[in-house]
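These notes concern the structure reproduced below.
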Amino acid sequence: MNGKHITKLGFERKAIGLALAAAKAREGAGVERGAILYELKSVQADPAAYLAGGVYAELATELSEQNALSEIKKGAALLPSPLPYAVWGADLIEPGARAQMDVAMRLPITRAGALMPDAHVGYGLPIGGVLAAENAVIPYGVGVDIGCSMRLSVFAMQPDALKLEEAKILLLKHTRFGAGVAFDKRERGDHAVLHETTWDDQPILGHLFEKAAAQIGSSGSGNHFAEFGTLTLGAADLGLEAGEYLALLSHSGSRGFGAQVAGHFTNLAERLHPNIDPAAKKLAWLSLDSEEGQAYWQAMNLAGRYALANHELIHARLARALGVNVLASVHNSHNLAWKQQVDGQELIVHRKGATPAAAGQLGLIPGSMADPGFVVRGRGHADALESASHGAGRQLGRKAAASKLVKKEVAAYLKERGVTLMGGGIDEAPQAYKRIEDVIAHQSDLVDVVAQFMPRVVRMDSGSEDI
DNA sequence: ATGTAC
């Protein structure tokens, strides 16, 4: 047992010597190293339990003092009650999501927030939550899939000119779905984001580069999809005449790269807030004045650009295979944090499953695998922190969907709407989602609908159970 | 959402 073992556990300053002394004493008593490390971790997790006496008492005292000091420094105590925040579609939102938002509105760094009509429970901040913080960023206020985003390409082609069989072949050939999935070396795509020097700025980014390079242009699992469908423009917009167009809509994120960045920095944030109220544990933040906060900000934005690059490759491959021009395209990130002016002050606005909707800003709000999605234009509502929903939102959790929904009824729903599905888990069934029409209706003051997209051929990961 | 773990 040496100092290296101790510092690796995260002990600092005077605690290093005390931990080492205690460890030596335990070694002397014949305790194995693994057991000692476990004991040290237990003292670290709950020093109060070791204050009374024993070999770890001195260490526990020092740790308690260090924790108290760091909590004062970081101002970690929660407000006694949540700051007020606006809610859209309150009758559509489960109590659990409200409770999570209430906790987020009690963080000392929180200045404003809002809840979108597709809100449901997530880790830390609810999905559909918007949170403005002062000079701090919350890794789980952004979410695990950093930079998760949407992209739409409108093609110079009539919707029915693409035959069903060809659409299926194209999607199968040019997209990759599933956890851990990557491209073979010779099939790999390339993009400017892979040539940024940012990857050299942090060890974690360097370590993840190879994974990112292998997975670029892929789509992942869960609710991610790529689908051909019909875009209906009721009036001229997006530089297009009114009418119907063949279009491609995709939902993808930052894959393993973003997930590992998220995991790394939320662990770091939790370690820096050892005494945070347990209710807010997953909302641990990083100050933008700290090295850690700046490192997350850089990594988060790289993951955001990487996620958009994934879409660009998916769309470029399919457009090229189709051999048609792209007439218009729209994209937006819906899991990210932005610097934004709020009431004349620059704040960090986290959108975790929320579409940026500044006045005039275009965005995409999908429904489900067999329900329409919408191209929207933001109205810049201040109380929503210039945001809207990022989809319909779950009505049933993944487990509830798998146990309650019947394959036959899902298949009938798809057939009725003329949707062909490749892959897709029962937990992604349309019946697992809120009615998109209701969700859109509840945010008519946040966005205007520009166009409607009806999916026709959908590819997703297979999930736990196929439909 | 990720892909098998401080």
Side-chain angles (χ1 to χ4, degrees), chain A residues 1 4-11 19 33-46 118 120-129 139-150 175-183 204 207-208 210-212 214-216 218-226 250-272 274 281-282 284 299-300 303-304 306-308 310-311 333-336 351-354 366 390-391 393-394 397-399 401-402 423-425 427-428 432-433 460-464:
Chain A
M1 186 70 78
K4 223 173 182 180
H5 296 112
I6 304 298
T7 46
K8 207 174 167 189
L9 288 176
F11 290 102
R33 181 179 293 173
I36 298 172
L37 289 172
Y38 179 81
E39 290 174 357
L40 285 170
K41 278 191 217 172
S42 306
V43 181
Q44 197 174 32
D46 185 15
D118 59 339
H120 56 95
V121 171
Y123 287 124
L125 194 67
I127 317 298
Y140 269 4
V142 170
V144 174
D145 190 5
I146 300 172
C148 187
S149 40
M150 299 296 306
T175 68
R176 293 287 183 285
F177 281 82
V181 161
F183 283 92
I204 185 175
H207 288 313
L208 293 171
E210 189 54 28
K211 183 190 258 301
Q215 293 192 319
I216 200 163
S218 66
S219 300
S221 64
N223 56 10
H224 287 176
F225 61 77
S250 58
H251 181 209
S252 182
S254 51
R255 310 290 288 101
F257 163 49
Q260 296 218 24
V261 167
H264 172 79
F265 283 98
T266 199
N267 285 339
L268 193 58
E270 280 190 33
R271 283 209 302 276
L272 290 170
K281 197 178 170 202
K282 295 281 173 224
M300 176 200 79
Y306 174 80
L308 293 178
N310 280 336
H311 288 276
S333 307
H334 53 223
N335 283 11
L336 212 64
R351 292 189 182 84
K352 187 186 193 183
H390 83 311
R394 282 197 167 276
R398 293 189 179 281
K399 278 177 229 157
D427 50 355
E428 288 299 329
Y433 284 87
M460 301 183 82
D461 181 38
S462 294
S464 50

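No hydrogens, no waters, no symmetry mates; every other heavy atom, side chains included, goes into these values. Per chain, numbering begins at 1; letters A, B, ... match sequence-line order. Nothing here was measured: the structure is a model prediction, and the numbers come from that model.
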Rounded to whole angstroms, how far apart are CG on A/Asp461 and P on B/dG3? 11 Å
Mind calculating the distance between CZ (A/Phe177) and C1' (B/dG3) to the nearest angstrom? 17 Å
How many whole angstroms separate atom CD of A/Gln44 from atom C1' of B/dC6? 11 Å
A/His264 and A/His207: side-chain donor and acceptor closer than 3.5 Å? no
By the 4.0 Å heavy-atom rule, please label A/Gly256 as base, sugar-phosphate, or nothing. sugar-phosphate
Over-ring placement of A/Arg255 relative to A/Tyr306, 6.0 Å and 45° cut-offs: no
To the nearest Å, give me how far apart NE2 (A/His264) and P (B/dA5) are. 18 Å
Rounding to a whole Å, what distance do you find between A/Asp427:CG and B/dA1:C1'? 12 Å
Closest to the side chain of A/Lys211, out of B/dG3, B/dT2, B/dC6, is B/dG3
Between A/Arg255 and B/dT2, is there a side-chain N or O to OP1/OP2 distance below 4.0 Å? yes
Walking DNA chain B from its 5' end, the first of A/Lys41 and A/Ala259 to be reached, judged by nearest nucleotide, is A/Ala259
On DNA chain B, more 5' by nearest nucleotide between A/Asn267 and A/Phe257 is A/Phe257
Should A/Ser221 be listed as having a side-chain N or O under 4.0 Å from OP1 or OP2 of B/dT2? yes
Rounded distance (Å) that lies between atom P of B/dA1 and atom NE2 of A/His120: 8 Å
Rounded off to whole Å, could you give me the OH-to-C1' distance for the A/Tyr140 and B/dA1 pair? 10 Å
Under 4.0 Å between any heavy atoms, over every strand shown, what does A/Tyr123 touch: base, sugar-phosphate, or nothing? Just pick one. base
A/His224 and A/Ser219 side chains, donor-acceptor separation under 3.5 Å: no
Taking CZ in A/Phe183 as the centre, count heavy atoms belonging to other residues, nucleotides or ligands within less than 6.0 Å. Is the count above 12? yes
Between A/Leu208 (CG) and B/dG3 (C1'), how many Å, whole number? 13 Å
Regarding A/Ser149 and A/His311, is there a side-chain donor-to-acceptor distance under 3.5 Å anywhere? yes
Compare side-chain N and O positions of A/Arg271 against OP1 and OP2 of B/dC6 and report whether any pair is under 4.0 Å apart. no
Measuring to OP1 and OP2 of B/dA5, would you say a side-chain N or O of A/Gln260 lies under 4.0 angstrom away? no
Heavy atoms under 4.0 Å, any strand shown: does A/Gln215 hit a base, just sugar-phosphate, or nothing? sugar-phosphate
